[in-house]
Visitor: 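This is the structure I have questions about; it appears just below.
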Amino acid sequence: MLAVQERPASQLKPVVNNFTFQAATINGTGSQSSNLVITRALFAMGIPVAPKNVFPSNIEGLPTWFNIRISPEGYQCLAGAADVLLALNPATWQRDVLGVRSGGAVIHEANYPVAGPTKRDDISYYAVPFHKLGRDNIDNADLRKYLSNMIYVGSVAWALEIPLDEIEGALRQQFKRKPSAVELNMTSVRLGWDYCVEHYTKTDPFRVRPMSGRVEGKMLLEGNQALALGVLMGGCTVAAWYPITPSSSVCEYLETFANRYRVDPKTGEKRMAIIQAEDELAAVGIAVGAGWAGARAMTSTSGPGISLMAEFTGLAYFAEIPLVICDVQRMGPSTGLPTRTAQGDISFAHTLSHGDTKHPLLLPATVEEAYEFGQAAFDLAERLQGPVFVMSDLDLGMNLWMSDPFKYPETPYDRGKVLTAEDLERLKGDWGRYRDVDGDGIPFRTLPGTNHPAAAYFTRGTGHDEDARYSELPEVWERVLERIGKKYETARDLVPPAIVEDHGHDVAILAYGTSHHAVVEARDAMAARGLETDYIRVRALPFTEDALRFVRSHKRVYVVDQNRDRQLFSILRLELKPEEDHLISVRHFDGTPISAVAVMGPILVAEGKASADEFTQAPPVPVVTAGIE
Amino acid sequence: MLAVQERPASQLKPVVNNFTFQAATINGTGSQSSNLVITRALFAMGIPVAPKNVFPSNIEGLPTWFNIRISPEGYQCLAGAADVLLALNPATWQRDVLGVRSGGAVIHEANYPVAGPTKRDDISYYAVPFHKLGRDNIDNADLRKYLSNMIYVGSVAWALEIPLDEIEGALRQQFKRKPSAVELNMTSVRLGWDYCVEHYTKTDPFRVRPMSGRVEGKMLLEGNQALALGVLMGGCTVAAWYPITPSSSVCEYLETFANRYRVDPKTGEKRMAIIQAEDELAAVGIAVGAGWAGARAMTSTSGPGISLMAEFTGLAYFAEIPLVICDVQRMGPSTGLPTRTAQGDISFAHTLSHGDTKHPLLLPATVEEAYEFGQAAFDLAERLQGPVFVMSDLDLGMNLWMSDPFKYPETPYDRGKVLTAEDLERLKGDWGRYRDVDGDGIPFRTLPGTNHPAAAYFTRGTGHDEDARYSELPEVWERVLERIGKKYETARDLVPPAIVEDHGHDVAILAYGTSHHAVVEARDAMAARGLETDYIRVRALPFTEDALRFVRSHKRVYVVDQNRDRQLFSILRLELKPEEDHLISVRHFDGTPISAVAVMGPILVAEGKASADEFTQAPPVPVVTAGIE
Amino acid sequence: MIDTPQRPAPAANLNRVQLTRDAYKGAATTLCAGCGHNAITNHIVRAFWEYGVEPHKLAKMSGIGCSSKAPTYFVSQSHGFNGVHGRMPSLSTGAKLANRELMVVGVSGDGDTASIGLGQYAHLIRRNLNMVYICENNGVYGLTKGQFSATADIGSVQKGGKPNEFETIDVCGMAIELGASFVARSFSGDSKQVVPLLKAALSHGGTAILDIISPCVTFNDHAGSTKSYAYVKEHDIELQDLDFIPYFENIEVDYPEGTSTEVTLHDGSHLRLRKIAPDAHDPTDRIAAMTLIHEARQKGEFVTGLLYINPDMKDLCERENLPQRPLRDFAEADLRPSREQFDALMRDYVG
Amino acid sequence: MIDTPQRPAPAANLNRVQLTRDAYKGAATTLCAGCGHNAITNHIVRAFWEYGVEPHKLAKMSGIGCSSKAPTYFVSQSHGFNGVHGRMPSLSTGAKLANRELMVVGVSGDGDTASIGLGQYAHLIRRNLNMVYICENNGVYGLTKGQFSATADIGSVQKGGKPNEFETIDVCGMAIELGASFVARSFSGDSKQVVPLLKAALSHGGTAILDIISPCVTFNDHAGSTKSYAYVKEHDIELQDLDFIPYFENIEVDYPEGTSTEVTLHDGSHLRLRKIAPDAHDPTDRIAAMTLIHEARQKGEFVTGLLYINPDMKDLCERENLPQRPLRDFAEADLRPSREQFDALMRDYVG
Ligand SMILES: Cc1ncc(C[n+]2csc(CCOP(=O)(O)OP(=O)(O)O)c2C)c(N)n1
Ligand SMILES: Cc1ncc(C[n+]2csc(CCOP(=O)(O)OP(=O)(O)O)c2C)c(N)n1
Ligand code: SF4
Ligand code: SF4
Ligand SMILES: [Mg+2]
Ligand SMILES: [Mg+2]
């Protein structure tokens, strides 16, 4: 929830490169391009940006908010409330104005009423007749809707003091393939800029200045893009998916990459099959079939798709077939909020399917990890012979993030324990598909097509013995199921280890995935208030031994979950002895990206460093839902 | 796992009414009727019986075992190993003979080799040429296969000393509708009896004698039958299902009951719709649609069906629609052992579907509870407005159990918070579908078809506010999801309370479902060895306050789960504070019904009352799988 | 909360249940301006008003998609249920079984129907549940931003330029193959055809399939698409001119001999089919209907109008022998066997 | 462990890949004696032997059911996959995409295909995956003890006496409606028909649907059933006498003018259709095939033989432009862009 916090407002002392800009618009009107231009211009000035798009689940006409957090530290999380608001949605006008932090500024469509609750004396107002400016000045009727949005780019640039040539530079990047569009757009930008220059003197403190040392050489890209690139680099050759927000773009980006990098220029043949399946049951079935036949195969989906993939995941678990499932989490249960973020599928994915199951999860927090884990998932799945989940979320997947360029992989793929015809010859055919030869719980397999008379075995989801023969014998069943369980233990040494900052403090924070960015800021803020904390970022399930040791060695461990039911917290508790259990749960689950306040509020209060009042939020104003249904 | 235990064998001192009889046959050969005749004859003699059918997942030709535990105490669990074996399956001959407890007896087809490992000197052998007797004496070629099985009934009757007129009585009951068959069957029975009389003198100690005081007035019926009757009495009017072992017979029995009790004799109209759906997704969808429209609706299934019902269960949870799902659990994961028992879906059902969800589960242990909970589930689902699971299992569902006759329900249905047109008139239309008026988290609903202009609301799995309007607002989402979570707390007071035997001992056992019957015997046996225990049988999730109090107040609580991953144990741990947590897990998961040994073995060892050796089992003999694949 | 709407004073513009046309409206649409689905919503409002649907007896069902949002945009005084993707048929089946008096109207999309929902669609038809099933067919997944659905024609081009490689799944062809009792196709822009078809569907006593081509202006209205407004208008072959004569009105119209045929619908209403071509299609001939659809598809055309009808097929509730009184209304005394019956049953199980 | 079988010394009974017929057998069946499925297994053994299938190139796929157990009973030297209920098509799709060289043969049941699996069945056909799809059709769920499946005919009577209330789903009719490229129907008892159809299906370059009526002796072989041996034998209308001429054999047979037609299959083999009736069915005519099926169904008959074929339709791997080399065999260097390409991409994302 957006917290409205008091802030020592100063009309005079400038606040440079350290505030949140929010554009409140209506979706489907083309405002997304405008927001990207502002983002890119800031980024080009050397200023760290953290753009967060909070958009509705429809195509046109509902409220959407685009937030750009800028901070010298490069914090990547949402900062709670906006300092500078661009208000272009009458439906949310009142809510948006009341959400602005004291001392802030509002750039708004001139015909919105500034009266009653929307008339605040602690913020600055810059009314701009966007509508009229567009109507009067943009002749091209086809483009008017789109270009009108560029007008506000000009006004925002004026308010934030972004030089116009930075805007032009950003436009040039946006229109790499169509440079002629730049000037057309700039004409609209100037309309908004000129209007403000003519009518206003800046009275609020928020402004930007070029800076250096933070973003040079950094990329700006989405988590789904990074994940798709990881999947490509990871050698995936069969991908099957069914469209669903927010995961669709994983396979869409993958297709773009595959068209670019997997097509044989001579023959036109493509070294990858990407199948848009008829539903999620088929998507995961295709991935399982391909994994069985020896391809690196994956499917990507979100919550409802995970539910539908439950049966096949159990088959892959019990028949021991490599399978990568990318879950870009959105807010559930049920259809929920398809365009809002959550970490709500952790426990469901962890034991997906009926009967006893337990699957490794990878928990990326950054685009770089999305890229890395997109690759690692295949190594793990083929090594462990079973399902592996990459648990991304909407925040990571669909927002732009700053990152250093990714590393080109230096290691070969780990294709796991596969016996070739030559191996079989050497073994004189003496092998068993489900024998635990190495003591790590992982058996050997052969691939269909292996030209050796001993290669074939029969795969089934029913009971089978070590030699893959059908069996209903009690002792065989128990033995096989225990052995499969052993692989989860083996996985502890194979998954990406936790990242630990241990300075021997009593209090520690344990977080995973996108909560990381809020924790980074929260720790700085808490340290500033005298509460030093240690930190462990868990990057996978099962927990590694290191992670458990860290937890055991701290007096109080705050576990941050972006879900209602303390999902990772609960999984962790079950791995600890009662006497080792000093866990305290911190939760956030309203669909917005988690902020530092959501992390540090509960911790400071619990640690006696703040009163509960400090973090009590003013009740937000409901949106007037007329027309929204 | 069948435990082969040493037993003070005595050829001389008779063991009366206290042993296990096992018939090892081939399925699809009609042996099931013979086994039932033996069971019914024993029962008619006043002897408590506990029949357990361990059958394969095909229709004809694979090994099947029918065990009849008889004991003066009326223990209802499997006793580990057989004392008297009827061996009629060459494929399992060796395994079966080696599994007989020392001092026991084997009645077997005469042409099986008694040599090498199958030649034991601590058991008695009665070889009978069943095959030849049938061939030579049964003229009716159509019935020969079936009637041949009746020959062994005669030999078993001879060995156990069941009077032939008891057999005849049992046949008379079996052929209530076709009395002429009785004599035909008795002819075969006498063949087997006479052969033994002629050739053998009984040398083993196991025999039965009529007794009284234990089974008079008791019924013998299957859990699925009882559950179906509960569902009928509970007022279910829409049932939808898809065939799957071991749950199919729930809806098949239900159909029989409905045809008998729900058809209007005048019009022929049926007050119940039972739909065999095209799959489990449709079955649960039909139930959800019917629940929404105000009918008491249910679906029944088993593991794979639960996986497929995940998405709709989440919808019912979040849109708050009454839904009863009966899960007759079988061994998973995946297709697993479809004809073997487990409690493996507990944790999966408990949080079924993506996102944060938590559902009440009812955990019947007896046929009486299957009947009771079959009714209670509808009251709960309509009261709480959400999914409620009845977690039966194959052992309970498909075996015959003794029970007192069920009680005719004295209370009206609890149809929950439904507003009628009159209510709405009284409220002047001022209501909201998702408002928490009573503070228990449970809102009011109206049914489609309610003739009032304010009755209608729109149901969806997407975000909505208290008045059922579409909403994506963060605070609305969080509020609604928290409120739904509150219903789980409300449920603590509504679910069937645990059954407690608390005598202030340090050690307690916590069990649920069919494990109960093993615990009963185990406690007696442990007490005999000086270990007195308290006992709590949990009959539902969420845990009631009483149950939690019991757990907190004991030094060591052994939690019995019929699954690998300690599913109920884990759910319980998460409800306890670390300092209250004195849980120790006891597991059984080989697909066989749990025995007392499986419960008391680990406890006695952990409590220092037995050495681990005592319960180490001899490795069982693998079945010769030729032809079984 | 929901305001108690005032029943307006009787006036000229009231239908037979004394409601104005406005009473059949719903919330304002949140779909794109120009979306075919909005036009269909308007046709529904008009048809339901003219037919005199009683709002409280209507159950509006849908799956997930832009199309599936439509039920919120008509008849706000009816209960509605926006379920999960592709599973509207099973929800509808349950609702109808629970309360046979409900008039069940489902709105689905082509993705919802022909991709993820194909199995349920087929089995709905097989059971002949008495409901109206509207497929708002735009050949793409609108709500997830324009990927091809299974009804996209082979060779049709995506907005990005990618051609579709797969044969279309024809929801009408499928329905007829599966033995559907009422199958019609139309175009969202053709109110003259959609409105009488909707009313006929309401009058039908089984599953009435209406496949309505409904262009997605945002993702599938470009050149190269075979579901664009331009393409559909050009390739729409109308089979008949349709007049719906409701059972509650006594309209006598004379048609010149041989120019029309009439179908008597389940509720006593009539649908008059006026011939457009001399060799008019006989909508009671299943094989003719299949042939027609296939031949049109081969030519890249849509045949619109009533394709097939069998007004006499039993619906699911009849096959299940359900009472007319809603099952959900029966109480303990109706549903439990008597104490005597119960005791007798218990005795059966004893010994 | 699996014994290393000896390749027998060359002899008269070796096929073109030097294997005896026994090499095409599998484990002993665990199905009921007399089950139609066992007969089909025998036909498969013979057809695969005669065709000279290479065991290591074969992938045997199935769902769940008695029928779906069949892959364990033939060609034990091939990999097999008994998946989950109704989802064999997606598993097969994945397997084939991973390794295009595999010869994918799926065995399913009528419940597996037409009930739970209908959606995947339809979309498999739509993609025209190159595989043989055998539906062992007995009108019931054998493995769960005899409930009606969706292919049961309306009016057919269950063992307990309950009549089926619903229209059959005709898996051949559906397939043709959906644009399948190879559709045949047969009867488990008719080896003369099943064997050449199986070989033709192996030779076909797309999804080859074989719907084989295969009576369940235990649960659906009684009077009143329309899938009993007695009923099927009586109502089987054979369309053609079939001769399969494999591409690797040079057989020249003369047929009297006008008594037969020949279809050239994808791998160069030929299927010769000898007319039984004078007005013989043309299996390249889709509408004729549909009409035929519908008319037969109305009469309670089965038409058996090759119903429809289009040997030229592209299969999925072709549509996806996949290389002939199995995708699973490509390595790092083939799959990762070069370091230069990668660095260029990274630069694209910078600033
Ligand atoms: C199980 C599941 N998978 C995927 C989605 C994502 N999704 C939402 S709508 C939709 C497709 C809608 O297409 P269609 O039915 O044609 O409706 P349209 O938007 O085109 O009207 C999809 C795939 C979902 N909500 N649930
Ligand atoms: C998801 C799921 N639902 C139900 C079942 C139970 N089941 C096993 S086989 C079967 C039906 C098999 O019928 P069919 O495909 O016709 O094969 P047949 O046994 O008749 O050859 C069913 C319903 C299952 N295994 N999985
Ligand atoms: S995206 Fe397409 S289908 Fe969806 S509302 Fe817009 S125009 Fe209609
Ligand atoms: S039950 Fe029927 S289908 Fe199954 S093996 Fe027996 S005869 Fe065949
Ligand atoms: Mg669509
Ligand atoms: Mg079948």
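To find a chain, count down the sequence lines: A is the first, B the second, and so on, and within it residues start at 1. The figures here come from the full heavy-atom set of this structure, side chains too, leaving out hydrogens, waters and symmetry mates.
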Visitor: Non-hydrogen atoms of chain A under 4.5 Å away: do they reach the side chain of L124(D), the backbone, both or neither?
Guide: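 Interface part for L124(D): neither.
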Visitor: Who among R433(A), M402(A), K270(A) has the most heavy-atom pairs with chain D under 4.5 Å?
Guide: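 Result: the option with the highest number of such pairs is K270(A).
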Visitor: Looking at every heavy atom in both D348(D) and Q173(A), which two are closest together, and how far apart are they?
Guide: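 In terms of heavy atoms, the two residues are closest at O-NE2, 4.3 Å.
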Visitor: Say you draw a straight line from OG of S78(D) to CZ of F458(A); how long is it, rounded to the nearest 0.5 Å?
Guide: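 Spacing of OG (S78(D)) from CZ (F458(A)) equals 10.5 Å.
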Visitor: Distance check, rounded to the nearest 0.5 Å: C317(D) atom SG versus E269(A) atom CD?
Guide: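 Those atoms lie 11.0 Å apart.
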Visitor: What part of Q120(D) gets closer than 4.5 Å to chain A, counting heavy atoms only: side chain, backbone, both or neither?
Guide: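 Interface part for Q120(D): both.
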Visitor: Tell me, do M233(A) and P337(D) make a side-chain contact under 4.5 Å, heavy atoms counted?
Guide: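 Yes - at least one pair of side-chain heavy atoms lies under 4.5 Å apart.
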Visitor: Would you find a donor on one side and an acceptor on the other, under 3.5 Å apart, between the side chain of R328(D) and the backbone of A293(A)?
Guide: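 Pair found, side chain donor or acceptor close to backbone of A293(A).
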Visitor: What part of R415(A) is in contact with chain D, defined as an atom under 4.5 angstrom from a non-hydrogen atom: side chain, backbone, both or neither?
Guide: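 It is the side chain, since no backbone atom gets that close.
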Visitor: Please flag which part of Y434(A) lies under 4.5 Å from any non-hydrogen atom of chain D: side chain, backbone, both or neither.
Guide: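 Neither the backbone nor the side chain of Y434(A) comes within 4.5 Å of chain D.
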Visitor: Checking side chain to side chain contact (heavy atoms under 4.5 Å, CB included) for the pair F81(D)/I321(A): CA distance, chi angles, key distance, verdict?
Guide: CA-CA 11 Å; F81(D) 197 158; I321(A) 297 162; 3.3 Å; yes
Visitor: Please state whether the side chain, the backbone, both or neither of L315(A) comes within less than 4.5 Å of a heavy atom of chain D.
Guide: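 Contact with chain D: side chain only.
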Visitor: Roughly how far apart are L322(D) CG and M272(A) CE, rounded to 0.5 Å?
Guide: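 Atom-to-atom, L322(D):CG and M272(A):CE are 10.5 Å apart.
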Visitor: Hey, what do you get for CD1 (I286(A)) to NZ (K96(D)), rounding to the nearest 0.5 Å?
Guide: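 Answer for the CD1-NZ pair, I286(A) versus K96(D), is 14.5 Å.
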Visitor: Which region of A44(A), side chain (C-beta onward) or backbone (N, CA, C, O), has a non-hydrogen atom less than 4.5 Å from a non-hydrogen atom of chain D, or is it both or neither?
Guide: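 Neither the backbone nor the side chain of A44(A) comes within 4.5 Å of chain D.
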Visitor: Taking all non-hydrogen atoms of both residues into account, name the closest pair between N99(D) and P448(A) and its distance.
Guide: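 Scanning both residues completely, I find the closest heavy atoms to be ND2-O, 3.7 Å.
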Visitor: Quick one: do R339(D) and E410(A) make a salt bridge, cutoff under 4.0 Å?
Guide: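 Result for this pair is yes, salt bridge flagged.
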Visitor: Apply side chain to side chain contact (heavy atoms under 4.5 Å, CB included) to residues M346(D) and L229(A) and explain how you reach the verdict.
Guide: CA-CA 11 Å; M346(D) 292 296 96; L229(A) 185 60; 3.5 Å; yes
Visitor: Given that the side chain runs from C-beta out, which part of S92(D) has a heavy atom under 4.5 Å from chain A: side chain, backbone, both or neither?
Guide: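 No part of it gets close to chain A.
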Visitor: Do T450(A) and H79(D) meet the criterion of a side-chain donor-acceptor pair at a distance under 3.5 Å?
Guide: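 Result is no, nothing qualifies.
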Visitor: First locate atom CG of L327(D), then atom CZ of R262(A), and finally report the distance between them rounded to the nearest 0.5 Å.
Guide: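 Those atoms lie 8.5 Å apart.
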Visitor: Heavy-atom pairs under 4.5 Å with chain D are the metric here; pick the option from S403(A), G461(A), G169(A), P409(A) that has the most.
Guide: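 Among the listed options, the one with the most contacts to chain D is P409(A).
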Visitor: Check whether A273(A) gets within reach of chain D through its side chain, its backbone, both or neither, counting any heavy atom under 4.5 Å.
Guide: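 Both parts, heavy atoms under 4.5 Å.
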Visitor: Can you say whether R271(A) sits under 4.5 Å from chain D via the side chain, the backbone, both, or neither, judging by heavy atoms?
Guide: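 For R271(A), backbone and side chain are both near chain D.
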Visitor: For chain D, find which of L447(A), L221(A), V284(A) contributes the most heavy-atom pairs closer than 4.5 angstrom.
Guide: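 Answer, by heavy-atom pair count under 4.5 Å with chain D: L447(A).
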Visitor: Taking side chain as everything from C-beta outward and backbone as N, CA, C, O, which of these in R127(D) sits under 4.5 Å from a heavy atom of chain A? Side chain, backbone, both or neither.
Guide: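 The side chain, not the backbone.
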Visitor: Measure across W292(A) and G80(D) and return the closest heavy-atom pair with its distance rounded to 0.1 Å.
Guide: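 Closest heavy-atom pair between W292(A) and G80(D): CZ2-O, 3.6 Å.
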Visitor: Tell me the closest heavy-atom pair linking E320(D) and I275(A), and the distance in Å.
Guide: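 For E320(D) versus I275(A), the nearest heavy atoms are CD-CD1, 3.8 Å.
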Visitor: Within the distance-only criterion (no hydrogens, no angle test), does the side chain of Y408(A) pair as donor or acceptor with the backbone N or O of E340(D) below 3.5 angstrom?
Guide: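 Judged by distance alone, no pair lies under 3.5 Å.
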Visitor: Which answer fits A319(A), side chain, backbone, both or neither, if we ask what part of it has an atom under 4.5 Å from a heavy atom of chain D?
Guide: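 Interface part for A319(A): neither.
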Visitor: Is it the backbone or the side chain of V238(A) that comes under 4.5 Å from a heavy atom of chain D, or both, or neither?
Guide: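 The side chain, not the backbone.
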Visitor: Would you mind telling me which of D343(D), L316(D), L91(D), V75(D) has the largest number of heavy-atom pairs within less than 4.5 Å of chain A?
Guide: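 Of the candidates given, the most pairs with chain A belong to L91(D).
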Visitor: Quick check on D334(D) against chain A: is it the side chain, the backbone, both or neither that has a heavy atom closer than 4.5 Å?
Guide: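 It is both, since atoms from each part get that close.
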Visitor: Look at the side chain of E332(D) and the backbone N and O of Y413(A), then say whether any donor-acceptor pair between them is shorter than 3.5 Å.
Guide: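 Pair found, side chain donor or acceptor close to backbone of Y413(A).
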Visitor: So what's closer than 4.5 Å to chain A heavy atoms on M88(D): side chain, backbone, both or neither?
Guide: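 Contact with chain A: none, neither part.
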Visitor: Which atoms form the tightest heavy-atom contact between S76(D) and A456(A), and what is the distance?
Guide: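 Heavy atoms of S76(D) and A456(A) come nearest at O-CB, 3.8 Å.
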Visitor: Pick whichever of D329(D), L97(D), V84(D) has the most heavy-atom pairs under 4.5 Å with chain A.
Guide: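 The candidate making the most pairs under 4.5 Å is V84(D).
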Visitor: Looking at R87(D), Q324(D), M61(D), which one has more heavy-atom pairs under 4.5 Å with chain A than the rest?
Guide: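 Winner by heavy-atom pair count: R87(D).
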Visitor: Find the distance between OH (Y261(A)) and CZ (F342(D)) and round it off to the nearest 0.5 Å.
Guide: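 These two atoms lie 9.0 Å from each other.
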Visitor: Looking at P405(A) and V350(D), what are the two nearest heavy atoms and their distance?
Guide: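 That would be CG-CG2, 4.4 Å.
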Visitor: With a 4.5 angstrom heavy-atom cut-off, which part of P89(D) approaches chain A: side chain, backbone, both or neither?
Guide: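 Neither part.
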Visitor: Measure distances from T446(A) to the heavy atoms of chain D and classify the residue's part below 4.5 Å as side chain, backbone, both or neither.
Guide: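 Contact with chain D: backbone and side chain both.
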Visitor: Does any part of the side chain of F257(A), heavy atoms only, come nearer than 4.5 Å to the side chain of L345(D), both counted from C-beta?
Guide: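 The answer is yes; the side chains approach within 4.5 Å.
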Visitor: With only heavy atoms counted, which part of E216(A) is less than 4.5 Å from chain D, the side chain, the backbone, both or neither?
Guide: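 Looking at E216(A), nothing touches chain D.
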Visitor: Can you tell me which of R126(D), R336(D), E54(D) forms the most heavy-atom pairs within a distance under 4.5 Å of chain A?
Guide: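 Of the options given, most contacts go to R336(D).
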Visitor: So L335(D) and R296(A), side chain to side chain contact (heavy atoms under 4.5 Å, CB included) or not? Walk me through it.
Guide: CA-CA 11 Å; L335(D) 299 177; R296(A) 302 200 130 189; over 6 Å; no
